[in-house]
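Order of the sequence lines sets the chain letters (A, B, ...), proteins ahead of strands, with each chain counted from 1. A quick note: this is a predicted structure, and the numbers were derived from the prediction, not measured.
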Number of protein chains: 2
Amino acid sequence: MSTNAKAKEVVPLCSKFQWAFTLLGRPWTGMIVRALLSGPKRSKEILESIPSISSRVLHQRLSELEDAGIVQRTIYQEKPVRVEYGLTEMGRTLGPAMDEIQKWADRWCNE
Amino acid sequence: MSTNAKAKEVVPLCSKFQWAFTLLGRPWTGMIVRALLSGPKRSKEILESIPSISSRVLHQRLSELEDAGIVQRTIYQEKPVRVEYGLTEMGRTLGPAMDEIQKWADRWCNE
DNA sequence: TTATTCAGTTACTTTTCGTAACCCATGCAC
DNA sequence: GTGCATGGGTTACGAAAAGTAACTGAATAA
């Protein structure tokens, strides 16, 4: 090492990683993404597949994810209008990360 | 399909996945784990490597992670006592998941 | 003796969350 | 029409969690 290194160099956490976890690390976000990885869903379906999430927070998270470019909201002009939430390319590429978390959960969650 | 399936079967989200994201999906948790993946650290070092986390929340998260079995707190009885936080086996196996999130962040975070 | 460092807590303010009720447009049965 | 149900979403409000910053306490260095 040529530099005059002192006791301990503090390596700051990667700011892109921070950005990612600021998005994903809020209540319900991971579960919403996970639910949408199997295909677009109506808000009512998401509410049913994630037992204890509330309508208020679901819609809040969905619009944050939409702003971030992870989720796309589509309105189908049918007889009763139908609204679906699906993942964008950006959202779908979270698949491998979610799969790793699933693997970890399967290994360590005892219940 | 032999069962008399109605309009849409709602597939509930895996409860183990929910358990995992209930742990990881709170402010700062992912970043703390990420910081510890490179080796045990003192709380002061973690504070410096994660710019805007507060001491209060860091210690709160660390004790939650300790309770969950992800982090181990070690006290070294040196002249001035030294306390280090490191990952357990359970914590270290989060590495692949964190790596996937890092990859995703590198790909999609533009800054 | 005074000052500094590290680990952690406390007091207080601001956000966010959970619960539950509500709004509104459409569809349908009567 | 009137009444009721459904889907999508918002509002109100109390409870919990996070941010900020100051503080304790032990132990060491000046």
A correct 5'-to-3' footprint of nucleotides 12-30 of chain D, with B, S and - meaning base, sugar-phosphate only and no protein heavy atom under 4.0 Å, is B-----BBB------SS--
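- The shortest distance between the side-chain N/O atoms of A:R42 and the OP1/OP2 oxygens of D:dG8 is below 4.0 Å.
- Regarding A:R82, its CZ atom lies at a distance of 13 Å from the P atom of D:dG9, rounded to whole Å.
- Side-chain atoms of A:T88 come within 3.5 Å of backbone N or O of A:I70 as a donor-acceptor pair.
- DNA chain C is contacted by both B:K44 and A:E78; B:K44 maps to the nucleotide lying nearer its 5′ end (nearest heavy atom per residue).
- With hydrogens and angles disregarded, no donor-acceptor distance shorter than 3.5 Å links the side chain of A:E100 to the backbone of A:A97.
- Listed by first and then second residue, the ring pair (Phe, Tyr, Trp, His ring centres under 6.0 Å) pairs that reach into residues 18-54 of chain B are A:W104-B:W19, B:F17-B:F21, sequence neighbours excluded.
- Per the geometry, CD belonging to A:E84 stands 12 Å off P belonging to D:dG9, to the nearest Å.
- Rounded to an integer number of Å, the gap from B:E48 CD to C:dA7 C1' is 13 Å.
- For B:L62 and C:dA7, the CG to P distance is 11 Å, given to the nearest whole Å.
- If you take CG of A:L47 and P of C:dA20, they are 15 Å apart, rounded to a whole angstrom.
- Atom NE2 in B:H59 sits roughly 13 Å away from atom C1' in C:dT10 (whole-Å rounding).
- With sequence neighbours excluded, no residue satisfies salt bridge (Lys or Arg N to Asp or Glu O under 4.0 Å) with A:D106.
- With sequence neighbours excluded, the residues forming a salt bridge (Lys or Arg N to Asp or Glu O under 4.0 Å) with B:E89 are A:R107, B:R92, listed by chain and number.
- Spacing between atom CD1 of A:I46 and atom C1' of D:dG8 amounts to 12 Å, rounded to whole angstrom units.
- By the side chain to side chain contact (heavy atoms under 4.5 Å, CB included) test, A:Q60 is found to be paired with A:R56, A:E64, residues two or more places apart in sequence or in another chain being considered.
- Here the P atom of nucleotide C:dC6 and the CD atom of B:E45 are 9 Å apart, to the nearest Å.
- A sub-4.0 Å separation between OP1 or OP2 of D:dG9 and a side-chain N or O of A:Y85 is present.
- For the ring pair (Phe, Tyr, Trp, His ring centres under 6.0 Å) condition, no pair includes a residue of residues 40-88 of chain B, sequence neighbours left out.
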